[in-house]
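Take a look at the structure below.
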Amino acid sequence: MIFLQKPGEVPHFFQFLVPYVILGAVLNYATFWCTAVNNPLSTAVAGTLKGVLSSIAGMMMFGVRLTMVGWLGLITSTLGGFVYSIAHSKKPKKI
């Protein structure tokens, strides 16, 4: 199998690679900025909500139906994030 040898494949490859790299860098910057401005707990809550909303949007946009294992994973992940958030927020603060 020859990778990127046909005419036009290299420019087409970079049309996808460059935006992915830029979006990845912006996402990393936004995550670090969110953690620095707020606190790690806020970032964890935002990440949990993003995961739930992404899953729901994917199901609605692409007509995907989750299996019982998929629902179990989504619910477990969401509950774990919220339980961690609640436990961390009730922890006594260091002075």
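Side-chain atoms are counted along with the backbone in the values below, which use heavy atoms only and exclude waters and symmetry mates.
Closest heavy-atom contact between Glu9 and Gln5: OE1-N, 3.2 Å. Nearest heavy-atom pair, Thr43 versus Cys34, reported as atom, atom and distance to 0.1 Å: OG1-SG, 3.5 Å.
The CG atom of Leu4 sits 11.0 Å away from the NZ atom of Lys6 when rounded to the nearest 0.5 Å. Once rounded to the nearest 0.5 Å, the distance linking OG of Ser55 with CE of Met60 reads 13.0 Å.
Put simply, the residue from Leu74, Leu79, Leu72 that forms a side-chain contact (heavy atoms from CB on, under 4.5 Å) with Thr76 is Leu72.
Leu17 and Val10 fall within the same hydrophobic cluster, where Ile, Leu, Val, Met, Phe, Trp and Tyr residues are linked whenever their side-chain heavy atoms come under 4.5 Å apart, directly or through other members. With hydrophobic clusters built from ILVMFWY side chains whose heavy atoms lie under 4.5 angstrom apart, Val52 shares a cluster with Met59. Tracing side-chain contacts under 4.5 Å through hydrophobic residues (I, L, V, M, F, W, Y), one never reaches Ile86 starting from Leu49; they form parts of separate clusters.
Below 30°, between 30° and 60°, or above 60°: for Phe16 and His12 the angle between ring planes is above 60°, a perpendicular geometry.
Although no hydrogens or angles enter the test, the distance criterion places a donor-acceptor pair under 3.5 Å between the side chain of Thr31 and the main chain of Leu27.
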